[in-house]
Every structure is written in C-alpha cells, then in structure tokens.
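Okay, structure first, notes after.
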Amino acid sequence: MSNTNQFGYTIQSELSESSRIQEEIMMLLRKLGFDDEDLADLHIAMEEGLANAIKHGNQLDASKQVKIEGMVDGNMVKIEIEDEGEGFNPEEVPDPTLEENLDKPSGRGILLMRAFMDTIEYNDKGNRLRIEKTCSIQG
Amino acid sequence: MASIPTRIDIQQADGVTVARFKDRRLLDEATIDLVGNELYALVDDMGCEQVILDFSEVEYMSSSALGKLIKFHKKIQSVAGSLRLCSLKPELQKIFKVLALHKVFKIDKSLDKSLKKI
C-alpha cells in the first residue's frame, strides 16, 4: 500500500458519539485490509483514548468537544485525540498492576494502549494523545 | 422482580451459576452498563454465590468492562461466594495479563475445568 488516507472528526463529549465515530474509523481501516488482530488492538486503544478524553478530560461535559485526527500511511496508522480538559501527567497515574491498585479503576486504559500500540504519547499539557501502530495486511 | 438478562445466558445446576456473555465485544458504554447490571443482579436479585463467567464468545473488552468485572468480583466476595472465569480467547488473555488481572481472578481454560474447581 502506498496511499495516504487522512480522516478527521469533531464530536461532543458523549460516549455514544465515541462509539459511532469508532465504527466509522474501523470501517475505513477494515477496507484498507489490515489484519483482524491489529484492528482489534486499534479499536481497544481508540476506545480507551476516547473514553479518557470524554470522561476524564472533558468530564462528560457535552458542551466540550473532542477532536480526532487520523492518518494511514502505508501500514502505519496514527490517531490523535484531543480534549478541552485541563490535561494530566500520565506519569502520575498509579500503576494498576501493583498489588495495592489491582482493584482500583484508574490507569488501566493507558496501560492497555501502551500494550497494544507501538507508540503512545501525550503532549506536555496532557490533553492531546497520539497513538501509532504499524499493522499487517491480511493475507 | 429482576428483569430477564439480555446480554448474558444463564444456566444453573447444583448451586452453580454459569453466565455466558453473548457479546463479542464489550467496548461501548451502553453495552457495558447493561452487562454490568445483569451481572450484579445475579448476586443482588438472584442470590447467586457460586458463579462461573464464560468468555467463550468474547473477543475483546475495554478497561471500563473490566471495572464492572472487578466490582462483580467484590460483590461475590461480599457474600463469601466463589467466582471463576473460563474460556478466554488469546486477545483477552493478553489483556488480563497486561493488567495483572490473572492475579485477581481464578481463570480456567474451559468451562469443564471451572465446573470441577468451583
């Protein structure tokens, strides 16, 4: 594949909007012929990134928006998610795999994104996330 | 009276409840809320104490769905019950391992094994 595909959306901070937009993006990525396992990983990472932006970033405030920008360059998928929140320091999120945090709710989304993506990076403010993954093409 | 579950199949025998998730993906919040409520009702409304969750249909789930699972586990513990998980697909096993949740839950390869161990 040598084509570059770009997409962009702005949604209200509602989880139903997040689901709708993810379906659209997954449909586009499926058409490009990526491997099912890589698509599943991307779907999980997008869900976690968008849920964090809507719930924690924009505090479920429907008047605030979330911007999603994506680019597919060959086998590489890059998605950026930006909210209007105060931002946060991902280094300060408790490690959910520590014994004392195992039954606490926070931090799992970031850890899942780290596990399933090649790159996960926040801007300095902590309100813009970039995830990247190089995918295989379905044989 | 408890409503009839729509997202999980329930079978009961010899005091053990087997709940099988019907959804392939536990990702969107509306589905996760429904699944969570149906799980909680097993303990709160139906009085189940020995529960096996069958994940054979589930391909992947979000951290939010895992949060419901952890809350359900606590409910089971609060009634001194027992919970086992079975038939996790490789992608789900990866999620549980990454999050160290295999330390929290008792996980078996198959429903038969869970039925023997519970």
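Hydrogens, waters and symmetry mates play no part in the numbers below; they use all other heavy atoms, side chains included. In this text, all values refer to a predicted model and were calculated from it rather than measured experimentally. Here is the naming used below: chain letters follow the sequence lines, and residue numbers restart at 1 for every chain.
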Evaluate whether atom [atom1] of [X] has more than 12 neighbouring non-hydrogen atoms of other residues, nucleotides or ligands under 6.0 angstrom away.
X	atom1	result
A:Arg30	CZ	yes
A:Gln138	CD	yes
B:Glu57	CD	yes
B:Lys97	NZ	no
B:Lys113	NZ	no
B:Lys22	NZ	yes
B:Asp14	CG	no

Measuring heavy-atom distances to chain A, does B:Lys74 have an atom under 4.5 Å in its side chain, in its backbone, in both, or in neither? side chain
Which portion of B:Val98 sits near chain A, non-hydrogen atoms under 4.5 angstrom: both
Proximal component of A:Asp95, with respect to chain B [non-hydrogen, under 4.5 Å]: neither
Heavy-atom cut-off 4.5 Å, strictly under: side chain, backbone, both or neither for A:Leu111 against chain B? both
[X] [atom1] to [Y] [atom2] distance, which is reported to the nearest 0.5 Å:
X	Y	atom1	atom2	result
B:Leu99	A:Thr97	CG	OG1	8.0 Å
B:Leu27	A:Leu15	CG	CG	12.0 Å
B:His73	A:Leu102	NE2	CG	11.0 Å

Taken in chain and number order and not counting sequence neighbours, the residues that satisfy salt bridge (charged side-chain N to carboxylate O under 4.0 Å, His left out) with A:Glu23 are B:Arg25
Non-hydrogen side-chain atoms of B:Lys94 and A:Asp41 separated by less than 4.5 Å: yes
Taking the side chain as C-beta and beyond, is there a heavy-atom pair between B:Glu91 and A:Asp36 under 4.5 Å? no
Hydrophobic clustering (ILVMFWY, side-chain heavy atoms < 4.5 Å, transitive) - are [Y] and [X] grouped together?
X	Y	value
B:Leu88	B:Phe105	yes
B:Leu66	B:Leu39	yes
B:Leu85	B:Tyr40	yes

Shortest non-hydrogen contact from A:Arg108 to B:Ser63? CB-CB, 3.7 Å
Max heavy-atom pairs within cutoff under 4.5 Å with chain A, candidates B:Asp28, B:Val104, B:Ile95, goes to B:Ile95
Checking heavy-atom separations under 4.5 Å from chain B, one finds in residues 42-64 of chain A A:His43, A:Ile44, A:Glu47, A:Glu48, A:Lys55
